[in-house]
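Note sheet for the following structure.
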Amino acid sequence: MNKVLYQIVKFTIVCCIAWYAFGTLSKPKSDRKKANKGKSATKVKPSSHTVVERGLVAEKIKSKDITENFANYCEKTTTVRSFNSGSVLGYVTPWNSHGYDVAKTFKKFNMISPVWLQLKRKPRGKYLIQGTHDVDQGWIEEVRRLNTEVQILPRVLFDGWRDQDFKALFASEDEIEDMSEVITKTLQDFDLDGMVLEMWGQLPPHSSKNAIHVIKHISESFRQKDLTLILVIPPPVYYEGKGSSVTREEFLEIEPMVDAFSLMTYDYMATAPPGRAGPTAPLVWVESCVKMLDPGRKARNKILLGLNFYGYLYGKLRIKAIVGTEYIQLLKSRTAQIEWNTDFAEHIVLLDASDGSTEVVFYPTLMSVQKRVELAKELGTGLAIWDVGQGLDYFYDLL
């Protein structure tokens with residue numbers, strides 16, 4: 001582990017000791033991606049000035065700086081991109097439906113990925129795509145009308161696959177071809193531009209070689225049909241340098257087969273022991289992930305740096321994923337102290353709980369988003385935002 005990563009880990013452990021009185025923190029039982037579906041009514045008053053011009057991008061901030069401004073994006077720059085060093089992918093999820101409006105309001109995205117589709121394997125090697133009932137053709141037409149350059153690339157998830165399903169697929173060239181044909185036909189039937197493929201995180205252990213063979217088949221099929229292929233991959237390391245399921249060698253082997261990688265540079269604490277609280281995506285870790293995969297800058301333009309627009313609340317006996325609406329409600333209803341941590345390049349919010357304890361929140365702020373946008377520019381990567389419906393509207397002034 002490099003020196004800076006070690007310092008992050010050391011700082012996190014110190015924080016955990018300070019927060020030990022919170023009690024044991026348990027891992028969330030629900031998927032972080034399926035955080036609160038609820039929406040709160042917020043009066044939007046677009047501004048004629050950006051958040052930078054209004055002096056809102058700062059290390060020293062108070063709750064009211066956020067609660068009084070988060071919905072007030074600059075109406076003059078909704079169609080103007082300030083991030084031009086790479087492509088921007090925005091995920092849209094049905095359970096955070098505000099993302100559908102974000103995709104239409106802000107012409108900041110090269111690619112929009114609605115989280116609609118699941119690939120299923122049936123008995124005797126039959127394949128089908130589920131979730132097509134979520135495909136909203138009217139919304140697609142409206143997004144394309146407002147942003148003529150955008151690609152609509154639904155996420156396709158290998159959902160509910162067992163080890164034996166993967167083994168059967170890997171063992172049969174006919175099945176691989178049939179699966180590729182089902183995916184391609186579905187995308188063409190709905191006039192979609194390609195897909196974001198999420199399969200790497202579902203793979204059985206020691207199956208990357210076979211998975212790359214499958215990706216190669218899909219890639220060849222897509223190129224024949226002029227479809228775009230983006231592959232979701234985990235970061236190469238997590239907390240305390242714990243390795244993941246992707247290596248530099250695999251990254252370089254796959255690179256010619258795909259148009260881009262959606263690199264999940266968030267959930268740094270995913271492999272931390274229960275009871276540990278810490279940052280969602282410490283900046284130096286994010287940087288190191290990119291450099292581990294591509295130290296020679298050979299394919300940086302194909303890396304979409306993961307940018308989380310969700311956060312976590314750590315409290316007594318609980319850890320909870322939170323989205324923007326919940327974050328704003330917490331700031332409005334609780335006494336909060338907001339501190340900037342230079343090691344993480346994230347703000348830490350300390351909240352008074354009703355039982356007298358303190359709860360801690362890590363959620364993006366304008367400054368933390370700006371730091372990651374600047375890092376992407378320095379590294380020569382694009383951005384992949386999970387997900388646009390979870391964020392605060394004034395974030396998009398920075399893109």
Quick one: list whatever passes ring pair (Phe, Tyr, Trp, His ring centres under 6.0 Å) with [X], sequence neighbours left out.
| X | result |
| --- | --- |
| His213 | His217 |
| Phe222 | none |
| Phe261 | Phe251 |
| Trp139 | Tyr100, Trp116 |

message: Closer than 4.0 angstrom, basic N to acidic O: yes or no for Asp189 and Lys185?
response: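 Yes, charged N to carboxylate O under 4.0 Å.
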**Residues Glu198, Arg155: salt bridge by 4.0 Å N-O rule** =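 Looking at Arg155 together with Glu198, the answer is yes, because their closest N to O distance falls below 4.0 Å.
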Return each pair, listed once, that meets side chain to side chain donor-acceptor pair (under 3.5 Å) where at least one residue sits in residues 253-264; pairs must be two or more places apart or across chains.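 Counting only pairs at least two positions apart or across chains, the side chain to side chain donor-acceptor pair (under 3.5 Å) contacts touching residues 253-264 are Tyr91-Ser262, Glu255-Lys302.
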According to the side chain to side chain donor-acceptor pair (under 3.5 Å) rule, which pairs have a member within residues 118-130, sequence neighbours left out?
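The answer is Lys120-Asp159, Arg121-Tyr127, Arg121-Asp165, Arg121-Glu175, Tyr127-Glu175.
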Applying side-chain contact (heavy atoms from CB on, under 4.5 Å), can you list everything that pairs with [X], at least two apart in sequence or on another chain?
| X | value |
| --- | --- |
| Lys242 | Thr271 |
| Gln164 | Arg162 |
| Ser245 | Trp200, Pro234 |
| Ala260 | Ile230, Leu304 |

> Which residues satisfy the side chain to side chain donor-acceptor pair (under 3.5 Å) test with Arg223, sequence neighbours excluded?
Replying inline: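 Expected list: none.
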*asked:* Considering only residues two or more places apart or on different chains, which pairs with a residue in residues 367-380 satisfy salt bridge (charged side-chain N to carboxylate O under 4.0 Å, His left out)?
replied: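 Sorted pair list: Glu346-Arg372.
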Partner of Phe309 by ring-ring contact (aromatic ring centres under 6.0 Å, His included), out of Trp386, Tyr394, Tyr396: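 The option that passes is Tyr396.
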Are Phe70 and Tyr327 an aromatic pair by the rule of ring centers under 6.0 Å?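 Distance test on ring centres: not under 6.0 Å, no.
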